[in-house]
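Ligands are counted one by one from 1 in listed order, and the atoms in each one are counted from 1 as well.
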Amino acid sequence: MPTHIGFLGLGAIGTPMARHLAIPGFALAVWNRTGDKATAFAAAHPARAASTPADAARGADVVITCLPTSREVEALLDGPDGLLAGLARGTLFVDCTSGDPATSKRIAARLAEQGVAFIDAPVSGGVAGAEKGALTIMVGGDAAQLDRAMPVLRAMGEKVVHCGAVGAGDALKAVNNALLAVHIWSVAEGLLALSKAGVKPEVALEVINASSGRSNSSMNLFPERVLTRAFPRTFRLALLDKDVGIAAQVARDQKVPSPLIQLTAELFRAAHVALGEQADHVEAVKYLETMAGEEIK
Ligand code: NDP
């Protein structure tokens with residue numbers, strides 16, 4: 001018997017993740033808010049387009065969500081067409097959204113009342129990693145539920161790490177992305193200062209990337225996306241703003257001094273407001289450039 005999977009959220013990263021589940025051994029149903037995307041997916045892959053969240057959940061052994069925030073996941077639970085209307089006892093709910101720990105705990109508690117287990121399983125590796133099936137997946141929840149999810153997670157990811165109880169995956173993902181935001185912002189500040197001091201960014205990156213200041217941002221994002229002015233849209237700034245905000249909240253909840261994360265959350269909120277919903281995360285650099293009155297070049 002194939003494992004029946006309901007996958008909800010065919011966005012930038014959800015779509016390539018779902019593709020890895022359209023394989024023998026899995027019977028896949030996909031649902032997306034904009035239904036055309038689910039229809040197109042089902043036309044191109046061995047999968048069924050579900051008409052509602054409840055329809056996607058009906059008969060599923062595993063339900064996977066990959067939506068912008070935990071808020072949208074929680075909102076899909078209710079109503080006559082909502083997930084709870086379709087979920088049977090014993091189903092496993094895997095939320096691959098980069099969510100927030102408090103909402104994930106609330107969702108887990110509601111699902112438990114209906115005999116449905118929940119793990120948070122946010123991912124890293126970007127769209128390119130998702131396309132290759134090479135994501136890192138960080139899981140919060142019971143080890144026994146992670147074991148159940150493993151064949152499905154292994155199809156989408158290369159590295160699956162158990163981080164702790166429900167919410168631990170979300171917390172770790174948010175902190176990782178806060179570090180990404182710090183790196184993007186600080187590389188931009190450094191390159192702008194050096195450029196004004198007469199050092200070309202290509203020269204600066206050649207040295208930094210052979211030295212202790214390097215990061216994924218300096219080694220990959222800046223050479224490929226900023227210096228070329230390509231700024232491809234792969235991961236929305238709105239989502240990184242959300243992630244840094246979650247990390248800032250986690251730090252406040254834990255009463256950890258976190259001036260750098262709190263400031264970074266403020267900066268990315270401002271950049272998101274200035275640049276809009278569709279801007280890519282690396283375009284935060286453009287916000288700093290506007291403040292500086294100069295481009296990195
Ligand atoms: P996108 O913005 O590309 O896609 C969002 C998806 O959620 C779409 O399918 C969209 O449907 C759906 N959606 C939005 N609002 C609602 C709603 N109110 N109800 C139901 N469905 C809704 O996001 P990504 O795919 O990039 O990201 C998804 C998650 O993965 C986020 O939590 C993000 O932080 C995380 N992530 C993304 C990475 C990336 O590189 N893109 C990397 C790692 C994690 P519709 O098509 O109708 O708009």
_Please check this pair: side chain of Thr52 against backbone of Asp55, looking for a donor-acceptor N/O pair closer than 3.5 Å._
yes

*Does ligand 1 have a heavy atom under 4.0 Å from the side chain of Thr234, from its backbone, from both, or from neither?*
backbone

*How far is atom 17 (C) of ligand 1 from its nearest protein heavy atom, and which residue and atom name does that atom have?*
Glu72 CG, 3.6 Å

*Asn209 side chain vs Ser218 backbone, donor-acceptor pair below 3.5 Å*: yes

*Using a distance-only test with no angle check, is there a side-chain donor-acceptor pair under 3.5 angstrom linking Glu189 and Ser186?*
no

*asked:* Tell me whether Ile5 shares a hydrophobic cluster with Leu10, the cluster being built from Ile, Leu, Val, Met, Phe, Trp, Tyr side chains joined at under 4.5 Å.
replied: yes

*Write out the residue and atom name of the closest protein heavy atom to atom 30 (O) of ligand 1, then the distance separating them to 0.1 Å.*
Ile13 CG2, 3.5 Å

*Whether Asp280 side chain and Glu283 backbone form a donor-acceptor pair below 3.5 Å*: no

_Any nitrogen or oxygen of Leu67, side chain or backbone, less than 3.5 Å from one on ligand 1?_
yes

_Under 4.0 Å, heavy-atom basis, I'd like to know which part of Pro68 is in contact with ligand 1: side chain, backbone, both or neither._
both

*Less than 3.5 Å between some nitrogen or oxygen of Gly126 and one of ligand 1, yes or no?*
no

*Quick one: which of Ala128, Ser98, Cys96 has a heavy atom closest to atom 35 (C) of ligand 1?*
Ser98

_Please report whether ligand 1 has a polar contact with Lys173, defined as an N or O pair separated by less than 3.5 Å (distance criterion only)._
no

_Step-by-step salt bridge (charged side-chain N to carboxylate O under 4.0 Å, His left out) determination, Glu74 to Arg110_ = CA-CA 10 Å; Glu74 195 170 34; Arg110 285 201 64 196; 5.7 Å; no

_ligand 1 to Ala12 polar contact by distance, N or O atoms, under 3.5 Å_ = yes

*asked:* Using a 3.5 Å cut-off on N or O atoms only, is Arg236 in polar contact with ligand 1?
replied: yes

*Using a 4.0 Å heavy-atom cut-off, say whether Leu239 meets ligand 1 through its side chain, its backbone, both or neither.*
side chain

_For a quick check under 3.5 Å, do Thr34 and Asp36 share a side-chain donor-acceptor pair by atom type?_
no

_I'd like the name of whichever of Arg71, Lys37, Met17, Arg33 reaches closest to atom 46 (O) of ligand 1 through any heavy atom._
Lys37

*Taking N or O atoms only and a 3.5 Å limit, does Ser124 qualify as a polar contact for ligand 1?*
no

*ligand 1 and Phe235, any nitrogen or oxygen pair closer than 3.5 angstrom?*
no

_Between ligand 1 and Thr34, is the shortest N or O to N or O distance under 3.5 Å?_
yes

